[in-house]
Amino acid sequence: MQPFMFQIKSVPMPQNKNFDTIGGAYVHVWVMDNSLENAQKRAFAHIRKYNWEPQEILNAFEIRPEQIPLLHKDEENLFLMAQLYGISADFLGWRKEESLHDVPEIIEP
């Protein structure tokens, strides 16, 4: 299996506990899979499991072994969690009242 990483802009669904306060999130999803297509399907399903709706794939990468040591600490942790569980994600959200999305914060999905 290969590691794949996605950055997916998502919005909370009405049943999401953050629906009234959070405008959206940049979701970083790491998936261990054999193909980019399957990894993407799993990433979308994982996001929806937390009552978020994927809107746009901002980036999709197949990570090569030589890139792993260059990862930022947070991304490295997500990679390690994906190795253990097959998938992992961080939701970096912004509040509804923010007009700019340049200061995301980690939120509980």
Side-chain angles (χ1 to χ4, degrees):
M1 289 211 182
Q2 297 293 334
F4 295 91
M5 189 273 197
F6 300 90
Q7 294 174 333
I8 303 171
K9 186 176 178 182
S10 302
V11 294
M13 295 177 185
Q15 62 271 34
N16 185 298
K17 66 182 179 181
N18 297 302
F19 183 75
D20 292 330
T21 57
I22 301 296
Y26 299 111
V27 186
H28 292 205
V29 186
W30 283 78
V31 182
M32 302 300 291
D33 209 298
N34 293 317
S35 76
L36 181 66
E37 183 180 335
N38 286 340
Q40 179 182 320
K41 288 177 186 176
R42 290 181 57 207
F44 276 35
H46 188 74
I47 292 169
R48 287 184 179 115
K49 179 174 96 172
Y50 293 100
N51 295 317
W52 287 82
E53 185 60 42
Q55 297 290 297
E56 177 184 1
I57 297 174
L58 303 173
N59 290 296
F61 305 103
E62 178 178 351
I63 306 300
R64 294 190 169 90
E66 63 270 14
Q67 294 173 302
I68 301 299
L70 304 174
L71 292 173
H72 181 276
K73 184 177 172 82
D74 294 336
E75 292 298 335
E76 181 183 13
N77 287 336
L78 286 173
F79 166 71
L80 293 172
M81 295 298 285
Q83 282 188 309
L84 283 174
Y85 302 108
I87 193 165
S88 65
D90 264 351
F91 291 72
L92 305 170
W94 63 87
R95 300 198 179 281
K96 280 190 175 184
E97 66 272 4
E98 290 179 7
S99 59
L100 298 175
H101 307 335
D102 59 354
V103 188
E105 62 183 85
I106 295 176
I107 58 172
E108 187 178 322

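Hydrogens, waters and symmetry mates are skipped; everything else that's a heavy atom, side chains included, is used. Treat the numbers as computed from the prediction; the structure is a model and nothing was measured.
- The structure places CD1 of I47 at 9.5 Å from CE of M13, a figure rounded to the nearest 0.5 Å.
- Taking hydrophobic clusters as Ile, Leu, Val, Met, Phe, Trp and Tyr residues chained together by side-chain heavy-atom distances below 4.5 Å, V31 shares a cluster with F44.
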Could you go step by step and tell me if Y26 and L58 meet the side chain to side chain contact (heavy atoms under 4.5 Å, CB included) rule? CA-CA 9 Å; Y26 299 111; L58 303 173; 3.5 Å; yes
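- Atom CG of N77 is separated from atom CG of L71 by 10.0 Å, given to the nearest 0.5 angstrom.
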Evaluate the side chain to side chain contact (heavy atoms under 4.5 Å, CB included) criterion for residues R95 and I22: first the C-alpha distance (whole Å), next the side-chain angles of each, then the deciding distance (0.1 Å), finally the verdict. CA-CA 4 Å; R95 300 198 179 281; I22 301 296; 4.0 Å; yes
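- Put simply, M5 and I68 are part of the same group of oily side chains (I, L, V, M, F, W, Y) that touch within less than 4.5 Å, one to the next.
- Annotation: side-chain hydrogen bond (donor to acceptor under 3.5 Å, both in side chains) contacts of Q7 (sequence neighbours excluded): N59.
- Note on ring orientation: taking the six-membered ring where Trp is involved, the planes of F79 and W30 are perpendicular (angle over 60°, cut-offs 30° and 60°).
- A donor-acceptor contact shorter than 3.5 Å is absent between the side chain of D90 and the backbone of H28.
- In plain terms, the two heavy atoms of F6 and A43 that are nearest each other are CD1-CB, 4.0 Å.
- The shortest non-hydrogen separation linking A82 to S88 is N-OG, 3.6 Å.
- A distance of 8.5 Å separates CD of E75 from CD1 of I63, quoted to the nearest 0.5 Å.
- More than 12 non-hydrogen atoms from other residues, nucleotides or ligands lie less than 6.0 angstrom from CD of Q15.
- I8 is connected to I87 through a chain of hydrophobic side-chain contacts under 4.5 Å among Ile, Leu, Val, Met, Phe, Trp and Tyr, so both are in one cluster.
- Of all non-hydrogen atoms in P12 and G23, the two that sit nearest each other are CD-O, 3.8 Å.
- Within the 4.5 Å cutoff, side-chain heavy atoms of L36 are placed close to those of F4.
- Applying the salt bridge (charged side-chain N to carboxylate O under 4.0 Å, His left out) test to every pair with at least one member in residues 51-73, sequence neighbours left out, gives these pairs: R48-E53.
- In this structure, D33 contributes its side chain and P3 its backbone to no donor-acceptor pair below 3.5 Å.
- Counting heavy atoms from C-beta on, the side chains of Q2 and N34 never come closer than 4.5 Å.
- Although no hydrogens or angles enter the test, the distance criterion places a donor-acceptor pair under 3.5 Å between the side chain of K96 and the main chain of F19.
- Placement of F61 and I57 in two distinct hydrophobic clusters is found when ILVMFWY residues are connected by side-chain heavy-atom separations under 4.5 Å, directly or transitively.
- Annotation: side chain of Q83 is in contact with side chain of L80 (closest heavy-atom distance under 4.5 Å).
- With sequence neighbours excluded, no residue forms a side-chain hydrogen bond (donor to acceptor under 3.5 Å, both in side chains) with T21.
- Using a 4.5 Å heavy-atom threshold, the side chains of L92 and V27 count as separate.
- The shortest distance between side-chain heavy atoms of K41 and E37 falls below 4.5 Å.
- Note: F91 and W52 have tilted aromatic rings, judged against thresholds of 30 and 60 degrees for the angle between ring planes.
- R42 places a side-chain N or O within donor-acceptor distance of the main-chain N or O of M32, the cut-off being under 3.5 Å.
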